[in-house]
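The block underneath contains the structure these notes are about, expressed in structure tokens.
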Protein chains: 2
Amino acid sequence: MLLSKSCVYGLRASLFLANQEKGKFIPIRHMSDKLEISFHFLTKILQQLTAEGILESFKGPNGGVRLVKDGREVPLMDIVLAIDGPQLLTECALGLPGCGVQNPCPLHDKWAETRDSIKDMLENSTLTELVHKGRAENLRLTAESGFDILFNE
Amino acid sequence: MLLSKSCVYGLRASLFLANQEKGKFIPIRHMSDKLEISFHFLTKILQQLTAEGILESFKGPNGGVRLVKDGREVPLMDIVLAIDGPQLLTECALGLPGCGVQNPCPLHDKWAETRDSIKDMLENSTLTELVHKGRAENLRLTAESGFDILFNE
DNA sequence: TATTTTTAAGACAAAAGAGTCTCAAAAACC
DNA sequence: GGTTTTTGAGACTCTTTTGTCTTAAAAATA
């Protein structure tokens, strides 16, 4: 898989947050219910995003997590790097350590192109952009439901 | 990681085989030594390629494995599909089951493009092509050494 | 037939990824 | 101060991936 499950869950939760009233703390339990992700597992993942400064959290009643920056300033790349690290974008396709322009493997050039296309996708898609798209077309954030479920209280 | 370790090992071994005298059986032990891959692990991986009809094997003295088809007729895709399966090329980037044109996630369109670029790379690179490139420029197949080591007996 | 060389098959172990659970700490409110 | 609601931290389990090892089976050769 391109992205780990943790990373995908982190992305889905971040999209969820970008779709909420700005500045409001959202309980993780609420998100885990709506997104159909294990509460404890999601908590652990979002703790990573908090540690990386992408989210901030608040304990107690009316607590939860929220985006530090506006969703339009958060490219998917930020979340991917925080959870999966840079390996996807730096590693050789044949797993050879130190593979690079100066000492390439046979696949290096082609893979570099493909990797750029992945990098481009992650750097140039912001949370807000995908949320707008998702809302306009009622796209999916869970196996079964579209963005609309994210509004039903 | 894009490809599993098993898959990467399978690709490296297949490149090794494509670089050998055509039709000759090569002992797995010889390859595992040269490519610095665990013999038993490589054996298991190559058994998959044999089961898939990409390699054929022969037991006993002067036995080993060899490519069934000429290397110029074997795209990397064949090996990737045999070992990692089609998930990389069919799965939704957000891991949502059934995500597709009719019921897409917000990332679907962009990911479809990127995925096509991966598909293109794997379908349009043959073993022989990469071997030629690797030999011409003495590119790497192991952490430390280039194609040239594959000739020293 | 016995020995050697090789792949085949599968049990087993170690490490990483995914997921669960418990308890502590902070904040709100009674 | 005590109770409730929430995140934080960490132990723990389960599964998958990765890697090791042992034994069987096939082929060659003496």
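Please read all numbers here as calculations on a predicted model, not as lab measurements. These numbers come from the heavy atoms of this one structure, side chains and all, not from hydrogens, waters or symmetry mates. Quick note on labels: first sequence line is chain A, next is B, and so on, each numbered from 1.
The side-chain contact (heavy atoms from CB on, under 4.5 Å) test with B/Leu76 is passed by exactly one of B/Asn124, B/Leu130, B/Thr126: B/Leu130.
With sequence neighbours left out, B/Ile37 forms a side chain to side chain contact (heavy atoms under 4.5 Å, CB included) with B/Tyr9, B/Arg12, B/Leu35, B/Leu42. Qualifying side chain to side chain contact (heavy atoms under 4.5 Å, CB included) partners for B/Glu91, counting only residues two or more places apart in sequence or in other chains: A/Met1, B/Gln87. Residues meeting the side chain to side chain contact (heavy atoms under 4.5 Å, CB included) test with B/Pro104, sequence neighbours left out: A/Leu139, B/His108. Judged as a ring pair (Phe, Tyr, Trp, His ring centres under 6.0 Å), and not counting sequence neighbours, B/Phe39 has no contacts. With sequence neighbours excluded, no residue forms a side chain to side chain donor-acceptor pair (under 3.5 Å) with B/Arg29.
Counting non-hydrogen atoms under 4.0 angstrom, B/Ile28 reaches the backbone sugars and phosphates but no base. A/Ser57 comes within 4.0 angstrom of sugar-phosphate atoms only, judged by non-hydrogen atoms across all strands, and of no base.
A straight line from CD1 of A/Ile26 to P of D/dT5 spans 18 Å, rounded to a whole angstrom. The CG atom of B/Leu55 sits 15 Å away from the C1' atom of C/dT6 (whole-angstrom rounding). Atom P of nucleotide C/dT6 and atom CG of B/Asp33 are separated by 11 Å, given to the nearest angstrom. Taking atom CZ of residue A/Arg66 and atom P of nucleotide D/dT7, one finds them 13 Å apart after rounding to whole Å. At whole-Å resolution of the value, CD in B/Gln48 and P in D/dT17 are 11 Å apart. The CE atom of B/Met31 sits 19 Å away from the P atom of C/dT5 (whole-angstrom rounding). Between A/Phe25 atom CZ and C/dA28 atom P the separation is 10 Å, expressed in whole Å. Note: CG (A/Leu42) to P (D/dT6) measures 15 Å, nearest angstrom.
Within the structure, every pair that satisfies the salt bridge (charged side-chain N to carboxylate O under 4.0 Å, His left out) test and touches residues 47-58 of chain B, not counting sequence neighbours, is listed here: B/Glu56-B/Arg66. Residue pairs meeting the salt bridge (charged side-chain N to carboxylate O under 4.0 Å, His left out) criterion with at least one member in residues 99-110 of chain B, sequence neighbours excluded: A/Glu129-B/Lys110, A/Lys133-B/Asp109. For residues 75-84 of chain A, the set of pairs meeting the side-chain hydrogen bond (donor to acceptor under 3.5 Å, both in side chains) definition, not counting sequence neighbours, comprises A/Ser4-A/Asp84.
By the 4.5 Å side-chain criterion applied to Ile, Leu, Val, Met, Phe, Trp and Tyr, A/Phe25 is assigned to a cluster that also includes A/Phe58.
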For every nucleotide of nucleotides 25-30 of chain D, 5' to 3': is a protein heavy atom under 4.0 Å from its base (B), only from its sugar-phosphate (S), or from neither (-)?
-BBS--
Per-nt protein contacts along nucleotides 14-20 of chain C (heavy atom under 4.0 Å; B base, S backbone sugar-phosphate only, - none) come out as ----SBB
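Within the 3.5 Å criterion, the main-chain N or O of A/Asp148 finds a donor-acceptor partner in the side chain of A/Asn138.
Picking from C/dA8, D/dT7, C/dT6 the nucleotide with the shortest atom distance to the side chain of B/Gln47 gives C/dA8.
For the helix from C/dT1-D/dA30 to C/dC30-D/dG1, the terminal axes (five pairs an end, C1' atoms, rotation from four pairs onto the next four) enclose an angle of 20°, given to 10 degrees.
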